[in-house]
Amino acid sequence: MKSKKLKETAKPLVLAAAYEGISNVTGSNAIAFGIVGAGAFAYDQMKKEKQKRKHLQDVISSPSSDSQDLDNSFHSSRSPIPSFKRRRIRSESFLNLVDLLNPVKEKTKKHITAFPNKISNKLYKLSTAPVEEIIEMDPNSHVLHEHGAEETTSSYHGHTDTTTSTSIGETIGDVRFYSHNRNVYDSEEEHTVSVSNCSSQDELLEKSSTEEDYGEITNIDSSLSKEDTDKEPTMNINPSAAFGVAAELCRKQMDRKYKLIANKEDSLTRRRFLHSLYAHAGIPSDTSDTNPLSTPIVLATNYNIRSSGAWSDDDFFYSRISNPTRDALEKVLASAEQGDMGIGELGVDGEPCQASCFASGMAAVSAVIGAASSAMANKHQGVHIVIPNTCYDESVKMIRMGTVGMSSFIRVNMLDIKSVDAALAKHPESGKILFLETPDNPLVSVCDLKALVAIARKHGAIVIVDTTWSPPLVTQVFRFGVDAVCFSCTKTMGGHSDALAGAVVTNGSTPLGREIAPTVKDMQVTLGAVASAFDSFLILRGLRTMPVRLERMCDSSMKIAQFLESHPLVEWVRYPGLKSHPQHELAKEQMDMFGQMVTWCIKGDSDAAMAFVGAVTLARRATSTGGTETLVQHQRSIEMEKITPGGIIRVSVGLENADDLIDDFSKALKCVEKVCASVKSTHST
């Protein structure tokens, strides 16, 4: 007795010493806990196995046991410890280990401060969770018990045993357990176990382990009360759970110590980061819970309010204000522009980028220009906006309609830095906004962001860039000091021509970006042009494949641009990846990819351009970009002001095979030759 008591006293001391030693050697409390836990578990299992073998050896070697007695003894004592107690002991041994290293239960007063409290709480929660598939048994008669259960009988070599059918949800102690996939012996089945035919102890052990009384519940008590069926579901505990939890927490500690963020000076690192970010778009970053791996579509317009009436900014109140699906999209868009997962380098004041999703790209353009105008109007007499000569038609129309405090606007060539400087110098009493596109629409010109931002800073102007043609995979513009970006999510981000949305992302690293961020959010909520939950889901789905799609599009675009450049009917081609592009060297420094937009001019003006557009069959005649299908568009025919030369054709390259597209374009150009020659001959006669 004294020896046993001494062992029980020494065991905690040995475990504590082992934990302290391993922790000092490895430098990690989590690893030490995992190793010590595994050792303690293995020790307990060895003890149980030793007891089991000793008991079975006694049964086999007993000379006074006849076959009937052996059968009864074996049936009632397949293990010296009933199965429900074995599982309970296994759970309690893990719980005792948690108590030993950092006790959190009320009964224990001591506390080892070396072990992180956060880890111990998590492990304690895991270790005390109920275990699945536990059925209360009488250790003597091996009979299942449950109040109100129906009795059945089963026969073992003439021996009749009374059993009961077990209802789901037995109560053992103060913990609720749920049983699944257990077979309650049916009177119509005969289960026989014979030890007389076993030639050795090992064979008997094998037979006992393979003939466990597991199966499906054959009779469930239909009279369960609502109280019985409404109990909380329970967890299934893996005996090696400590390893998984300890390793997870160890990795979190490691990631906090070594923050991996995108190197904003390295193109390959930026693309690598964005590939992984987009692949997990909308997936919760917390891997410790059973979160969905696809963003749920939350269509609810309103949410329950607490009885106290209190609610915080993180609560959901009304879907126009916030929506879980839209919030998930906004988080991904902000992280992509920012260049990290939200745990790395933020703004100079520690503020992250902020994204707001709208019902369309034009709603986003209106909101960001309105927010910038409002900020400038509060400090100056009027607002002066400088926009590009070549710009999306609808953006120009919106600015002409006027915005908050706008007093004037001017269009300039953004490739001419001096002209931009002179335009911003006008109206010194007014606040300034510099609105850019890169590459611009439709000529795919690439402006010098670094130089333009420097000029804007000299005049105190807010810099806004429409990046619809250059998502972060193409150009991460915030690294040049831009204050805000706006873009259409409908295009490359959605990628399937089936979702309509836009977004504004403000830069937390610039004072002006931080200044307009609250106003952008207010305009989103107040004006109400928010992205729907379903469209937000579709955009998130598109983001997860965007890196792969965009790489394919860029590769095909380069091949098509090279083909067109070599064709005799083509006057010129604009694609940033071509050496002939006027801003090719700047594009190589500023862009990580060259995009999927190719603009070119056909000889023969509008007539030849319309003939080409009419002759294509694989490519489709439509106005958009970023979908899986290649689109061709005669630019002048869809413009309101008709300022673009008539021979310009805009191509948005999709996912078709590049050789098939080249073949389609080649045949279309042959048709152009025949049609134009036929028309000329007709006119000449």
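FYI, the numbering just counts along the sequence from 1.
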Is it the case that [X] and [Y] place a side-chain donor and acceptor less than 3.5 Å from each other?
X    : Y    : result
N323 : S319 : yes
T644 : Q635 : no
Q338 : Q476 : no
K559 : Q562 : no
N441 : R650 : yes
N413 : S419 : no
T390 : D440 : yes

Lys/Arg-Asp/Glu bridge criterion (N-O < 4.0 Å) met for [X], [Y]:
X    : Y    : answer
D592 : R270 : yes
D663 : K667 : yes
E585 : K588 : yes
R271 : E551 : yes

Side chains of [X] and [Y] in contact at under 4.5 Å (non-hydrogen atoms):
X    : Y    : result
T438 : Q590 : yes
T295 : I283 : no
R400 : M398 : no
L661 : F563 : no
I649 : Q633 : no
V386 : V412 : yes
L550 : P471 : yes
I560 : Y575 : no

Q) Is H280 atom NE2 crowded by more than 12 heavy atoms from other residues, nucleotides or ligands, each under 6.0 Å away? A)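 Incorrect, the count does not exceed 12.
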Q. What do you reckon, is CZ of R552 surrounded by more than 12 foreign heavy atoms closer than 6.0 Å?
A.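 Yes, enclosed.
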For [X] versus [Y], what's the shortest heavy-atom pair and its separation?
X    : Y    : result
G627 : S497 : CA-OG, 3.9 Å
G654 : T630 : N-OG1, 2.8 Å
R574 : L443 : CB-O, 3.6 Å
I433 : A372 : CD1-CB, 3.6 Å
V332 : A281 : CG2-CA, 3.9 Å
F435 : C391 : CE2-SG, 4.1 Å

Has the side chain of [X] got a donor or acceptor atom that lies under 3.5 Å from a matching backbone atom of [Y]?
X    : Y    : value
H496 : D498 : no
R636 : G646 : no
H459 : A461 : no
T325 : P296 : yes
D483 : V463 : yes
S373 : I369 : yes
H634 : M610 : no
T526 : D522 : yes
R544 : Y278 : no
R621 : V613 : yes

Approximate separation, where rounding is to 0.5 Å, of [X] [atom1] and [Y] [atom2]:
X    : Y    : atom1 : atom2 : answer
R457 : L434 : CZ    : CG    : 9.5 Å
E437 : T468 : CD    : OG1   : 7.5 Å
W469 : T492 : CH2   : OG1   : 10.5 Å
M553 : E656 : CE    : CD    : 8.5 Å
D448 : L415 : CG    : CG    : 9.5 Å
L424 : S430 : CG    : OG    : 11.5 Å

**Q.** Residues which pass side chain to side chain contact (heavy atoms under 4.5 Å, CB included) with A501, listed by chain and number, not counting sequence neighbours
**A.**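 So A501 forms a side chain to side chain contact (heavy atoms under 4.5 Å, CB included) with C489, A531, I539.
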Q: Quick one: sort the F665 and F612 rings into parallel, tilted or perpendicular, breaks at 30° and 60°.
A: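 Perpendicular: the ring planes of F665 and F612 meet at over 60°.
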Q: List the steps and the verdict of side chain to side chain contact (heavy atoms under 4.5 Å, CB included) for M362 and S395.
A: CA-CA 7 Å; M362 278 310 304; S395 296; 4.0 Å; yes
Q: Check the pair F478, T506 against side chain to side chain contact (heavy atoms under 4.5 Å, CB included), reporting the backbone distance first and the verdict last.
A: CA-CA 9 Å; F478 278 178; T506 53; 5.8 Å; no
Only distances under 3.5 Å count here; give the side-chain donor-acceptor pairs of residues 597-605 to other protein atoms, sequence neighbours excluded, each with its distance to 0.1 Å.
{"from": "T599", "atom 1": "OG1", "to": "P442", "atom 2": "O", "distance (Å)": "2.5"}
{"from": "K603", "atom 1": "NZ", "to": "P568", "atom 2": "O", "distance (Å)": "3.0"}

**Q.** Worked verdict on Q524 versus E330 for side chain to side chain contact (heavy atoms under 4.5 Å, CB included)
**A.** CA-CA 12 Å; Q524 178 199 35; E330 291 176 345; 3.1 Å; yes
Q: Go through the steps for I662 and L564 under the test side chain to side chain contact (heavy atoms under 4.5 Å, CB included), then give the verdict.
A: CA-CA 9 Å; I662 290 173; L564 291 172; over 6 Å; no
Q: Begin from the C-alpha positions of Q596 and S652 and carry the test side chain to side chain donor-acceptor pair (under 3.5 Å) through to its verdict.
A: CA-CA 6 Å; Q596 79 277 11; S652 169; 4.7 Å; no
Q. Looking at K426, K432, K458, which one forms a salt bridge (charged side-chain N to carboxylate O under 4.0 Å, His left out) with D421?
A.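 Result: among K426, K432, K458, K458 is the only option passing the salt bridge (charged side-chain N to carboxylate O under 4.0 Å, His left out) with D421.
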